[in-house]
Amino acid sequence: MNLAKSLTLPKILLLLAAIAAGFLVARHFWLGPKVTAYAVQQGDLQQTIVASGRVLWPQRITLATEIIGRVQSIPVSEGQQVKRGQLLIQLDDADALARVKQAQSAVMQAEAKFRQLNEVLLPTAQENLKQAQADVNQLSEQYKRIQKLQRQDFASQAELDTAKRNFTVASSQLKAAQLAVRSNQSRGSEVVLAHANVTQARANIQQAQVQLAQFQVLAPEGGILITRSIEAGDVAQPGKTLMLLAAQGDTQIEVQIDEKNLGQLMVGQKALVSADAFPAQQFEAELAYINPGIDAARGSVEIKLRVPQPPEYLRQDMTVSVDIATGFSGNTLIIPTSAIQNANTDSPSVLVVRQQRAQRQSIRLGLRGDNQVEVLNGLQRNEPVILSNQKLITPGQRVQVNNERSP
């Protein structure tokens, strides 16, 4: 009776609150703390490697002149698409052009001399040879006849001497005519010399044409002219870079990948790429090259992606983000990566809620996505797994699943 009288309303309310708190504490210890768990899902998982890279063409060609000369004209501008063999820079070539014309004239003269040997000199020499042979035959007979008459005292010694002298002169002329014919034939000295002159003249014109070509800078390949550092009227110095040409070919993307991902890479894998300047637009690429060496300083491996259809906005050296698809698994069990403990060891595990208790379960992992991972065995669909950052939860502890959220 005295107790009932001593309990006022505030005290009663305070007592009820204490009883309720005690009940909640008891319930907490009995049922366990509340945890946020994720239900094991079944679906498709795409494994990717994400990295940054830069756009590049297969090669950059540095253009320069081989000679010193004043720039006469530059018929192209920066950013222009050029074709193979197109004129890029024209130097003043007046002197070189004059040397080419002079060499062409020398070739014409040498060839004319050569034709003259075949068409005029050789036939003339052959006719002279015939005439000389006839003269020798005639004077030989005359000399023999006078010898005979002189022995019979019908001809004087002076007549014999004259006949002999005429025969000797004719014989000398015959030898000269024979030599002239031989020298004007195909293997004769005159023909050989004339042919040598023609060959030399043609070589001179080729040299002059080569020198003339040095006054022009032509595009060695088709491509885009990136930069130019010279204007008309400037003096070009040999070997100094005047233009930079990005040659045509497959646009490529160079990427440095962490070497730990090397085992996932394979030539032919597809990728999605977006330029940092145009993040909302994506285009396709394909893994075309994996460097066999490792950059020890950075712990990375260089790869190159081929872009079959580059967008118009893509530019040399642009920074891009690359998402390489390295694996796909369909209709598989999936859990969030954040639920795995010891993920990078040979014994990964999770805390799974079974019969209101947290149990440590060893699992075998498959493909790994950005935020999800494939579970090959150890779990079943819809089982709740606890995030690994909930450190106070221990195996065997009773827990209450606050909310089973999908990954």
Side-chain angles (χ1 to χ4, degrees), residues 51-97 100 208-256 271-289 291 295 302-323:
S52 295
R54 67 183 184 91
V55 178
L56 53 84
W57 270 261
Q59 60 176 329
R60 288 184 178 185
I61 302 176
T62 300
L63 302 175
T65 63
E66 301 178 25
I67 58 173
I68 187 172
R70 186 171 297 279
V71 178
Q72 189 176 72
S73 64
I74 303 177
V76 293
S77 56
E78 288 184 352
Q80 181 176 335
Q81 185 85 26
V82 298
K83 298 180 180 180
R84 179 186 179 93
Q86 184 173 341
L87 177 63
L88 305 180
I89 301 174
Q90 176 66 61
L91 302 181
D92 186 359
D93 59 356
D95 292 341
L97 187 59
V100 169
Q209 288 172 339
V210 169
Q211 293 174 347
L212 178 63
Q214 293 176 343
F215 286 81
Q216 291 183 334
V217 177
L218 306 180
E221 296 290 343
I224 297 177
L225 189 64
I226 300 177
T227 61
R228 54 178 265 191
S229 57
I230 197 168
E231 299 295 336
D234 293 344
V235 176
Q237 299 294 334
K240 181 180 178 181
T241 299
L242 305 179
M243 291 182 173
L244 193 61
L245 179 68
Q248 283 179 336
D250 289 336
T251 301
Q252 294 184 334
I253 297 173
E254 182 182 72
V255 184
Q256 294 291 334
L272 286 177
V273 185
S274 62
D276 289 1
F278 302 89
Q281 303 183 46
Q282 290 185 321
F283 55 92
E284 295 182 350
E286 179 181 307
L287 181 55
Y289 170 77
N291 194 313
D295 187 332
E302 178 192 73
I303 67 171
K304 291 182 180 179
L305 304 172
R306 183 179 65 87
V307 183
Q309 295 181 340
E312 293 184 0
Y313 62 79
L314 209 61
R315 297 291 184 271
Q316 180 81 9
D317 289 326
M318 261 188 173
T319 301
V320 295
S321 297
V322 179
D323 197 345

Kindly compute the distance separating [atom1] ([X]) from [atom2] ([Y]), expressed to the nearest 0.5 Å.
{"X": "L56", "Y": "M318", "atom1": "CG", "atom2": "CE", "result": "13.5 Å"}
{"X": "L63", "Y": "L244", "atom1": "CG", "atom2": "CG", "result": "7.5 Å"}
{"X": "I303", "Y": "E254", "atom1": "CD1", "atom2": "CD", "result": "10.0 Å"}

Exercise for review: For residues 86-97, pull every pair meeting salt bridge (charged side-chain N to carboxylate O under 4.0 Å, His left out), keeping only residues two or more places apart or in separate chains.
Suggested key: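 Every pair satisfying salt bridge (charged side-chain N to carboxylate O under 4.0 Å, His left out) with a residue in residues 86-97: there are none.
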
So do the side chains of [X] and [Y] get within less than 4.5 Å of each other, counting heavy atoms only?
{"X": "T227", "Y": "E78", "answer": "yes"}
{"X": "D323", "Y": "S274", "answer": "no"}
{"X": "P220", "Y": "L245", "answer": "yes"}
{"X": "L218", "Y": "L87", "answer": "yes"}
{"X": "M243", "Y": "L225", "answer": "yes"}
{"X": "L91", "Y": "I67", "answer": "yes"}
{"X": "I230", "Y": "K240", "answer": "no"}

Could you pull out the closest heavy-atom pair between [X] and [Y], with the gap in Å?
{"X": "I68", "Y": "Q237", "answer": "CD1-OE1, 3.7 Å"}
{"X": "S321", "Y": "D276", "answer": "OG-OD1, 3.4 Å"}
{"X": "F283", "Y": "A275", "answer": "CE2-N, 4.4 Å"}
{"X": "A232", "Y": "S73", "answer": "CB-CA, 4.5 Å"}
{"X": "L242", "Y": "A236", "answer": "CD1-CB, 4.1 Å"}

Check your understanding: Any donor-acceptor pair under 3.5 Å linking the side chain of S229 with the backbone of T241?
Key ->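 Here the side-chain-to-backbone pair exists.
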
Review point. Short question: side chain of R306, backbone of Q252 - any donor-acceptor pair under 3.5 Å?
Key: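 Flag not set: sc R306 to bb Q252 has no pair under 3.5 Å.
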
Practice item. Indicate the ring-plane relationship of F278 and Y313, choosing parallel, tilted or perpendicular according to the 30° and 60° boundaries. Key: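 F278 and Y313: tilted rings.
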
Practice item. Have a look at V55 and tell me which of L314, V273, V307, T319 forms a side-chain contact (heavy atoms from CB on, under 4.5 Å) with it. Key: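 When side-chain contact (heavy atoms from CB on, under 4.5 Å) is applied between V55 and each of L314, V273, V307, T319, only L314 qualifies.
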
Practice item. Please list, chain by chain and in numerical order, all residues satisfying ring-ring contact (aromatic ring centres under 6.0 Å, His included) with Y289, sequence neighbours excluded. Key: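 Applying ring-ring contact (aromatic ring centres under 6.0 Å, His included) to Y289 gives none.
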
Check your understanding: Does CD belonging to Q281 count more than 12 external heavy atoms closer than 6.0 Å?
Key ->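 Enclosed: over 12 neighbouring heavy atoms sit under 6.0 Å from CD of Q281.
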
Review point. By side-chain contact (heavy atoms from CB on, under 4.5 Å), which residues pair with R84, not counting sequence neighbours?
Key: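 In terms of side-chain contact (heavy atoms from CB on, under 4.5 Å), with neighbours along the sequence ignored, R84 is linked to E221.
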
